[in-house]
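Note sheet for the following structure.
Keep in mind that what you see is a predicted model, and the values were worked out from it rather than measured. Numbers here are sequence positions counted from 1.
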Amino acid sequence: MIKVLHNDTCPICAREVAAYARQADRAGVALHVDGLEQAAEWSLTPDSAARSFRVEQDGQRHEGLEAFRLLWSHLPGWRWLARITGLPGVHWLADRAYRHAAAPALYALHRRRQGRADP
């Protein structure tokens, strides 16, 4: 089983994870999706859980690009992206793009939706 923890209050994240869940269901991939209300079960606060995408499989937890790559590697139609983002130069660029651009931007939008100022 693959477990996903994502910011379910984020409309972009929620749509993306819902698409993954539908595809996993069609492909027979056991996927369990948790939102911010289950953050404590991952030993996280909801705020820290909102900062990055996480996946767990076989007791191993992955965050950010590695979490996406693990999930993509199990989904038909996404395996190619898992392979490409594993290539050395592409991995470096994709990892930094997620950690330094996408994740902070999505987190800032989360804080704005929560009515809090950016840190």
Query raised in the report: Cluster question for you: counting only ILVMFWY and a side-chain heavy-atom cut-off of under 4.5 Å, with indirect links fine, are L81 and V55 together?
Result: yes

Report task. Search all heavy atoms of H62 against all heavy atoms of A67 and return the closest pair with its distance. Result -> O-CB, 3.4 Å

Requested in this report: Spell out, as yes or no, whether a donor-acceptor pair under 3.5 Å connects the side chain of N7 to the backbone of T9.
Outcome: yes

Report summary line: Applied to residues 35-61, the ring-ring contact (aromatic ring centres under 6.0 Å, His included) test, sequence neighbours excluded, yields F53-F68

**Report entry** Shortest non-hydrogen separation from A49 to L5 and the atoms involved
**Finding:** CB-CD2, 3.9 Å

Query - Spacing of C10 atom SG and E16 atom CD [to the nearest 0.5 Å] - result: 9.0 Å

Report summary line: Here the gap from M1 atom CE to H32 atom NE2, rounded to the nearest 0.5 Å, amounts to 7.5 Å

Query - Worked verdict on V33 versus D8 for side-chain contact (heavy atoms from CB on, under 4.5 Å) - result: CA-CA 9 Å; V33 177; D8 57 336; over 6 Å; no

Query raised in the report: Any chain of hydrophobic side-chain contacts (each under 4.5 Å) joining V17 to V29?
Result: yes

Report summary line: Between the CG atom in L93 and the CG atom in L87, the distance rounded to the nearest 0.5 Å is 12.0 Å

**Report entry** Value rounded to 0.5 Å, distance of NE2 in H110 from CD1 in I12
**Finding:** 13.5 Å

Report summary line: Value for CG (L70) from CD (E56), rounded to nearest 0.5 Å, stands at 10.5 Å

Query raised in the report: Which atoms form the tightest heavy-atom contact between L65 and Y98, and what is the distance?
Result: N-CD2, 4.1 Å

Query raised in the report: Around atom CD1 of I84, are there more than 12 heavy atoms of other residues, nucleotides or ligands at under 6.0 Å?
Result: yes

Requested in this report: State the CZ-CG distance between R111 and D47, to the nearest 0.5 angstrom.
Outcome: 6.0 Å

Query raised in the report: Does some side-chain heavy atom of E66 sit less than 4.5 Å from a side-chain heavy atom of R69?
Result: yes

Query raised in the report: Do you know the tightest heavy-atom contact between C13 and L106?
Result: SG-CD1, 4.1 Å

Report task. Quick one: closest heavy-atom pair of E63 and S52, and the distance? Result -> CG-OG, 3.0 Å

Query raised in the report: Which residue pairs satisfy the side-chain hydrogen bond (donor to acceptor under 3.5 Å, both in side chains) criterion with at least one member in residues 75-84, sequence neighbours excluded?
Result: Q23-W78

Report task. Determine whether D34 and K3 make a side-chain contact, defined as any pair of heavy atoms from C-beta on separated by less than 4.5 Å. Result -> yes

Requested in this report: Carefully, step by step, assess Y20 and V4 under the rule side-chain contact (heavy atoms from CB on, under 4.5 Å).
Outcome: CA-CA 10 Å; Y20 294 149; V4 169; over 6 Å; no

Query - Non-hydrogen side-chain atoms of H91 and T85 separated by less than 4.5 Å - result: no

